[in-house]
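One structure below.
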Amino acid sequence: MMHFDVVTLFPDMISAAVRYGVTGRALERDIVSVSMWNPRDYTHDRHKTVDDRPYGGGPGMVMKYQPLHDAVHAAKQSAGGSAKVVYLSPQGKVITQSLLSDACQGSQLILVAGRYEGIDERFVELDCDDEWSIGDYVISGGELAALVVIDAITRLLPGVLGDDDSASQDSHSDGLLDCPHFTRPERLQDYEVPKVLLGGNHAEIASWRMKQALGRTWQRRPDLLEKKNLSAEQERLLKQFKVEVN
Ligand SMILES: NC(=O)c1ccc(N[C@@H]2CC[C@@H](O)C2)nc1
């Protein structure tokens, strides 16, 4: 069982989003659990203050250390697991499929979603084990980033995806982009389903799919291809793809 704890000012945002699809089923089957911890519940002043003005001036507010620290402490107490605390921000390490599949090994992940201009740096330094980013762009809160992490990790856990849509054939799972997918009808306007997919030759279909994955990766994300050591067969297929497109 993988346990996700999300420290967030908007707990309903998290619970509402994880109820659907793959994550919803994983929750129902107790393969994962998700708990939310609201820093506002760990304030002690009348106004339940979670933010304050930044030292040095400038626009916006900064989230205070103490409510965040106490919320994380409560989350750690709850599951008693060896929790890893991750702060979601554009300053973090950009997540990849391999980083996420490594994260599956743990049993408890505490994801900290900030709001406003950010959080007191001392919380990042003192209380967080890691800082992750879902990409080089800014969003108004860490919640959507936390949801991306929860979804991407959950679907990698054993038993979550049925065999028919196993994660292993995914984009990025073998460092390549996905092949194209088709379903009925066979013909849409002048665009027909590739003939090879209509036959039943599974070896030929697998080969075609690998060729497409290699070709699309070469065309769209050559940087990913740089990192891959291709097998002789993959090299042959990519060469064939390049000939066919020229
Ligand atoms: N790219 C990302 O993963 C990302 C994460 C969080 C974020 N915004 C929050 C709001 C305030 C601060 O906590 C950070 N933006 C982008």
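Whatever order the structure lists ligands and atoms in, that order sets their numbers, starting from 1.
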Fill in: Atom pair CG (Leu214) and CG (Leu225), whose distance is rounded to the nearest 0.5 Å
7.0 Å
Discussion item. So, taking the atom named NZ in Lys211 and the one named CG in Leu238, what distance separates them when rounded to the nearest 0.5 Å?
Written reply: 10.5 Å
Fill in: Single-linkage hydrophobic cluster Phe10~Val62, side-chain heavy atoms < 4.5 angstrom
no
Worksheet entry | Gap separating the CD atom of Glu186 from the CG atom of Leu198, nearest 0.5 angstrom | 4.5 Å
Worksheet item: Can you list, by chain and residue number, every protein residue with a non-hydrogen atom closer than 4.0 Å to ligand 1?
Response: Tyr87, Leu88, Ser89, Pro90, Gly114, Arg115, Tyr116, Gly118, Ser133, Ile134, Gly135, Tyr137, Val138, Ile139, Ser140, Gly141, Gly142, Ala145
Worksheet item: With respect to Asp70, which candidate in Tyr42, Trp37, Tyr65 satisfies the side chain to side chain contact (heavy atoms under 4.5 Å, CB included) definition?
Response: Tyr42
Discussion item. Looking at Thr49 and Asp51, would you say the former's side chain and the latter's main chain have a donor-acceptor pair under 3.5 Å?
Written reply: no
